[in-house]
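Values reported hereafter were calculated over all heavy atoms of this structure, with side chains retained and with hydrogens, waters and symmetry mates removed. Chain naming here is simple, since letters A, B, ... match the order of the sequence lines and numbering starts at 1 in each.
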There are 2 protein chains.
Amino acid sequence: MPVTIRDVARASGVHISTVSRTFSAPHLVNPETRVRVLACAEDLGYRPNRAARALITGRTHNIGLIIADIANPFFPPLIKAAESQARHRDYHVFVADTNEDAAAEEELVHALAKQVDGVLLCSPRMSNSLIEQLSREVPLVVVNRQLAGLPCVLMDVGQGARSAIEHLAGLGHREIALLGGPRGSWTSRELRRAAGAAARAAGAELTVLGPNPPTETGGLAQAEQVRRAGVTAVLAYNDLMAIGLLEGLDALGVRVPQEVSVVGVDDISLSRLTRPKLTTVATPTAAAGRTAVDMLLQQDTDFPRTARGGGATVAVGVRRTTAQVMLQTELVIRDSTGPGPYAGRERPGTAAVGPGPHRRADPGNPVVAAGDVVAS
Amino acid sequence: MPVTIRDVARASGVHISTVSRTFSAPHLVNPETRVRVLACAEDLGYRPNRAARALITGRTHNIGLIIADIANPFFPPLIKAAESQARHRDYHVFVADTNEDAAAEEELVHALAKQVDGVLLCSPRMSNSLIEQLSREVPLVVVNRQLAGLPCVLMDVGQGARSAIEHLAGLGHREIALLGGPRGSWTSRELRRAAGAAARAAGAELTVLGPNPPTETGGLAQAEQVRRAGVTAVLAYNDLMAIGLLEGLDALGVRVPQEVSVVGVDDISLSRLTRPKLTTVATPTAAAGRTAVDMLLQQDTDFPRTARGGGATVAVGVRRTTAQVMLQTELVIRDSTGPGPYAGRERPGTAAVGPGPHRRADPGNPVVAAGDVVAS
DNA sequence: TACTTCAATGCAAAGGTTTGCAGGTAGATC
DNA sequence: GATCTACCTGCAAACCTTTGCATTGAAGTA
């Protein structure tokens, strides 16, 4: 029932190879023939069967998107941007959800490998060595995790954490808690590292609470701990946890920001809707999705998977680009942070605060400039 | 480089057809042979090439998910549930975003048709006749829209609107506004119809404002109109608009619920996080995703697309199931609705309020019983 | 006129899999 | 011991497309 290249060939009185060329190498066919074939194809509603094409060209024109949790509001903007970018380049996108499960990630890469030209691994939870191994099966681009030798799209959460800590220290906070993210998260480690260093530099003490599930519940569950820890400010792994914490503190009767200041990470759309509005480190999620797709497709055109020559399939070397892109983050100051107990006093150790973060106009959708290539 | 059925055949010393049968018809192959083949396949890491398989069986084991706007928080839970359900049944899922654009919807169905066994059309914006036409090209299941002769998964927003209006009328509101959704939305029409009838029955007056884009901005932009309309309660097309309205009213200094009550639709996770917490009509989004996938796959097994018989491809009749499922909604009363100007007074026309909606324990994720089949 | 050149088209193999049919072997039955 | 019956396996065609090579014919050159 579906119309094939053969139907078009019959209708336009040419061989199927001519029809094929009309689409994939138009300059090789006589203009008159071309218009005739095109007309017939249009008439019959012919669309090349991409699967059949993939069988011989080795390129499916599909990519895979593996996501830890679609329902986590951090991801939809990334998915949307990636899908849009891919489709502009005539690629279709498989989306799969792993429920934050490393085993599911591996299984999905295997399952998708034959059907795609590459896979975007978003905030993967599996081990570095496994990712490396899988990258030999199918081209991979990793988002939100740094791996030597693999193309990565990163957000500079380290810088973000520094800004956040400096902001808090500048407000007079000295006892700060970090709500860690899930085990296996690169972002969480990075945050911890940078926040720890920044706290030391600012003469503040950092207490790490976690690991925690990266959800509202995860944040809510730590409210009690936060109060008990006696800190006056908290940096959370992400906005969702920060929002959960806001709820938890509210339930405990702890006022934000009067008693405790809270900072999130991501700047998801909800963070403007809480009361108080959340101070947070904005990450360029959409840009990350676009960039990752670009890198994957670039890689794909640089090193095609197979090339046919006279019937013999020639396997091409497995060299790969390994560019790593770091996208900038930005501290967005809203209403969940306020003066701490040391407000106004001279900070011990350091002299001045340096160029602090600016208060942002808060246009909702941060437009982020193209990222800086930090390695290649 | 990728390992094929031929490699496995060579390694295990059998013909490729035996390998094929080991996977797709195990009962036809000798148990000893089977284990040997399986072992070799495991060893080599063989995975059948689904595209090649699809070429001959006519079933791709993929489905398509066409979404108006992935970033709209209504959809991610639906996508997540659909993807999970599909993968349980060994299907992979293409996800595509149309940006609320009808033309993009059509193009996507065409583009995906050859690569999937069916498409889920979520809240489509195109015309009924076009949908019907497309359904002849590829099996379709429509979510959030009712079409005669096509399988649909609906949420009973009519009932939801009724509950909401009755709730508001019961609180003493007589001047109510409805913030309409986007043009072409079945849900919006349904809401308007049911809300209008319920308002009439309750002796209240309903003012329709719209159509509007189904976003926070869409709601925010109507705040001024709402105030000017002099209503004391508003039912919004969805939570996003309701939240935007909340913001807008706050900016205008209008207190909710003291001066104006607001009700949303969907019960997205944000609606528990606004201040005041949003009263809303909960729609069983995840259940809709699961159900829609089930219907699509059911349809697919009932009426396979092609069947081979000795080399001749036999086109099978195009009969289809047209079951329509209506899922129940539930009014969740939170803090954005309060007494209106007629509170306590006898309602004109009607005698009593009937069994009003109950205050819900608010467990976050409404578990909804299997839907009622209303037609087949 | 004879030869080369080039553009346009056809031919056929290949890609990985499924599946109807036919062949082969072994056990059971009489 | 011959015949029948299962069971298992191999053969080859088919799915739809791409592409290197061969073929054709016309235009250009000497």
Engineer: B:T57 has a side chain; which of C:dT18, D:dC8, D:dT18 sits nearest to it?
Structural biologist: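 Out of C:dT18, D:dC8, D:dT18, the nucleotide with an atom closest to B:T57's side chain is C:dT18.
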Engineer: Would you kindly give the CG-to-P distance between A:L55 and C:dA14, to the nearest whole Å?
Structural biologist: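 After rounding, the gap between these two atoms is 13 Å.
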Engineer: Would you indicate, yes or no, if D:dC8 has its OP1 or OP2 atom less than 4.0 angstrom from a side-chain nitrogen or oxygen of B:T18?
Structural biologist: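 Checking D:dC8 against B:T18, no side-chain N or O comes under 4.0 Å of OP1 or OP2.
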Engineer: Under 4.0 Å between a side-chain N or O of A:S20 and OP1 or OP2 of D:dT18?
Structural biologist: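 Indeed, a polar side-chain atom of A:S20 lies that close.
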Engineer: Give a yes or no on whether a donor-acceptor pair under 3.5 Å exists between the nucleobase atoms of C:dG10, that is its base, and the side chain of A:R21.
Structural biologist: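 Between C:dG10 and A:R21, which were checked side chain against base, a qualifying N/O pair under 3.5 Å is present.
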Engineer: Looking for any heavy atom pair under 4.0 Å, which part of the strands does B:Y46 touch: base, sugar-phosphate only, or nothing?
Structural biologist: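 Sugar-phosphate, backbone atoms only, no base.
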Engineer: Closest to the A:H15 side chain: C:dT18, D:dC11, C:dC11?
Structural biologist: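 Closest of the options to the side chain of A:H15: C:dC11.
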Engineer: May I ask you to decide if the ring planes of B:H61 and B:Y91 are parallel, tilted or perpendicular, using 30° and 60° as cut-offs?
Structural biologist: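 The rings of B:H61 and B:Y91 lie parallel, inter-plane angle below 30°.
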Engineer: Side chain of B:V14 only, please: which of D:dT17, D:dC8, D:dG10 is the nearest?
Structural biologist: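 Nearest to the side-chain atoms of B:V14, counting from C-beta on, is D:dG10.
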Engineer: Using a cut-off of less than 4.0 Å, is there contact between a side-chain N or O of A:T33 and OP1 or OP2 of C:dT9?
Structural biologist: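 For A:T33, the contact criterion (side-chain N or O under 4.0 Å from OP1 or OP2 of C:dT9) is met.
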Engineer: Between A:E42 and A:R47, does any NZ, NE, NH1 or NH2 come within less than 4.0 Å of an OD or OE carboxylate oxygen?
Structural biologist: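 Here A:R47 does not pair with A:E42 in a salt bridge, since their nearest N and O are not under 4.0 Å apart.
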Engineer: CZ of B:R47 versus P of C:dT17: gap in Å, rounded?
Structural biologist: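 My rounded result for the distance is 13 Å.
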Engineer: Categorize A:T4 for me: base, sugar-phosphate, or nothing, with a 4.0 angstrom heavy-atom threshold over every strand shown.
Structural biologist: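 Counting heavy atoms under 4.0 Å across all strands, the contact made by A:T4 is with sugar-phosphate only.
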Engineer: Without decimals, in angstroms, what is the distance between A:N30 CG and D:dA27 C1'?
Structural biologist: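 After rounding, the gap between these two atoms is 15 Å.
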Engineer: Across the strands shown, which category fits B:R6 at heavy-atom distances under 4.0 angstrom: base, sugar-phosphate, nothing?
Structural biologist: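 Base contact.
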Engineer: Using 4.0 Å as the upper bound for N to carboxylate O, is an ion pair formed by A:E83 and A:R87?
Structural biologist: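 Salt bridge: yes.
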Engineer: Out of C:dT18, D:dT17, C:dT9, which has the shortest distance to the side chain of A:I56?
Structural biologist: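 Closest of the options to the side chain of A:I56: D:dT17.
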Engineer: Looking only at the side chain of A:N49 (C-beta and beyond, no hydrogens), which of the listed nucleotides C:dT19, D:dC16, C:dG16 gets closest?
Structural biologist: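 From the listed options, D:dC16 comes nearest.
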Engineer: Regarding B:D294 and B:R89, does a basic nitrogen lie under 4.0 Å from an acidic carboxylate oxygen?
Structural biologist: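 Looking at B:R89 together with B:D294, the answer is yes, because their closest N to O distance falls below 4.0 Å.
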Engineer: Run the salt-bridge test on A:R125 and A:E105 with the 4.0 Å N-O cut-off and return the result as yes or no.
Structural biologist: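 No, A:R125 and A:E105 are not salt-bridged.
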